[in-house]
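Atoms within a ligand are numbered from 1 in the order they appear, just like the ligands themselves.
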Amino acid sequence: MCGIFGCALREGNAAPIIHAALKRLEYRGYDSVGEATISDGKLYVKKDRGKIDAVHKIHNLDDLPGSIGIGHTRWATHGAPLQVNAHPHLDCKKQIAVIHNGIIENFTELRLELEARGHVLKSKTDTEMIAHLIEDGLNVGNLKFADAVLEAVKKLEGSYSVAVISTNEPDKIVCARNESPLVIGVAAEGLYCASDIPALLPLTKKIVIVENGELVTLSRDDFEIRKIVDSSIVERKPKLIDWSPEMAVKDGYPHFMLKEIHEQPQTLRSTLRLQEHYLDLMATFLERAREVFLVACGTSYHACLAGSYMFSKLAFLGTYPVIASECVEQHGKSIGIDSTILAVSQSGETSDTLAAVMTARERAATILGLTNVVDSTLTRVSRVYIDQQSGPEIGVAATKTFTSQVSVLAQLALRVAKKRGKVSQDEMDYLGERLKNLPNDAETIIRRQEEKVRHIAKKYKDAKAFLFLGRGISTATAYEGRLKLMEIAYVPAIALPAGESKHGPIGLVEPGFPVVIVCPKDETHKTVIGNIMEMKARGASVIAVVEEGDQEIEKLADDYVEVPKGIGEVLSPILFVIPLQLLAYCMAVEKGYDPDMPRNLAKSVTVK
Ligand code: F6R
């Protein structure tokens, strides 16, 4: 996730306006920043690694000349957060400047083709080659600027919103979108493009949403939208957006948590575009390890728990999921040179996780990291790390980062399974398809179930306690649903593997006691029905999360929510957790609490 902004002003200096807009976009990424402007037919660029204020202090972002320009605030995906990788990126002749948000999947092939044609690329990003593709369009293909951008983006596979300026036609910004967000702002002073509406609101309330597969040419007083596929013109009038400043930063949602729950289709798409090379490298370390510890805290620990089922079921690889604060006590003495630690931490800064990692490092173990923050401590101490690319998560309760973590762990488990020859091609193909469908399935759940969950939350808002049950991998989902409910709605809750309930906790159940049961249609299904019967026999109110059309359970449950059919066991936590995130959110709102700022908690826990 990165922030992009561009402005074409009728008069005045673009640079300070770009700088101010980038500050509003800083939540989308803050490891590097850059701006490019055009004045008197010449391109001017300033960029560096670091937060906007720090870079501005060194380089003065406001004194770039010219009334047209683009700016970028970066959340590193391809290429470390270094000056050379900061956007904008230029072509060989320094006539074209490109900024980009998204992930280009075929950048290696395109880069190699360009290098074979004599282009010199300096960065490790998947963006720089776009400038060189446009350069070829202008200089070899003799295309007009907008057509050169159009032909370049046609070659891209993956997600992007790009904005481009060129000295060939210095009065234009050309931008294009596939999946990554892009909006246009129309004002008397000029035209703007940006990653989101809040970046534009102090400048204008007249907004045009750019759709997937569209290219927009902005001049100082007009814009033209075309379809990338056939260049046909699209007519679209600006809409008036009347958001309060508070709504603006939350993109129109009442809370960051809800916004982040809704972002999951997109964040899951990003995890499916991770670089093969890193996934493969990490899978190789895991496959060769004598023993693997999956170490994390809180929600990230629940991802590890789900991961351990995946490694076992798919790759026949036994792993130990360990709560980080217990890791040294429990395993400190046995961890050694043959051990591999896969530490999972959204922030990459959680003190307990890092303490376990440091002890393991002292004992010569191999450290692997899965995190959402490049340049965090975890990335610095890991032999190999994967950036899960969920974009900044602002709500204290982890939501989108959890589903991304589980999706990455699933991809790793599949790779280890393949290396070990433990899954048939048919199964690989099936799971590959299911993985690809996750973003759409997540979208379906949010669209169809949110209202239903709101009603359930209303019904149970005064319940004094909840029980969450799941079997097999769904135990991890139940644990995560329970943590969400406790941390933001302050409802005491217990979560257990369903089989354990009869060894004590069932004593709590009395008429009306709410029991949430996670019921994918996997091999545990029949046994789970037995557990539902046990609960019903004691008067519990059963809230079931089921697959669409699971009439057996739907008839038994007092309330149910549905996820799309056929997800299968190993990937089920990624979808089944979404209704539970919504339940916790709606319960908190019903009870009058602020889900974004739960009491006694912090986003990153840096004390032991
Ligand atoms: C719960 C939550 C916490 C974190 C935990 C670990 O919603 O966010 O339980 O999961 O503090 O944080 P990271 O993943 O940053 O190590």
Counting each atom of ligand 1 from 1 as listed, which ones have a heavy atom of Glu487 under 4.0 Å away? 1 (C), 7 (O)

Pairwise distance CZ(Arg24) to CG(Asp196) - rounded to 0.5 angstrom: 9.5 Å

Do any N or O atoms from the side chain of Ser195 and from the backbone of Ile4 form a donor-acceptor pair under 3.5 angstrom? yes

Locate the shortest heavy-atom distance separating Ala478 from Phe468; write the atom from each residue and the value. O-CB, 3.6 Å

With a cut-off of 4.0 Å, which atoms of ligand 1 are near a heavy atom of Lys484? 1 (C), 7 (O)

Close N or O approach (Gln405, ligand 1; < 3.5 Å): no

Regarding atom 14 (O) of ligand 1: of the candidates Ala296, Ser347, Ser300, Gly348, which has the closest heavy atom? Ser300

Subset of ligand 1 atoms that lie under 4.0 Å from at least one heavy atom of Val396: 8 (O)

I'd like to know whether NZ of Lys418 has more than 12 heavy-atom contacts from other residues, nucleotides or ligands below 6.0 angstrom. no

Which of parallel (below 30°), tilted (30 to 60°) and perpendicular (above 60°) describes His262 and Tyr253? tilted

Hey, would you say the Tyr490 and Tyr593 ring centroids sit under 6.0 Å apart? yes

Would you say ligand 1 has an N or O under 3.5 Å from any N or O of Ala398? yes

Is there a polar contact, in the sense of an N or O pair closer than 3.5 Å, between Ser345 and ligand 1? yes

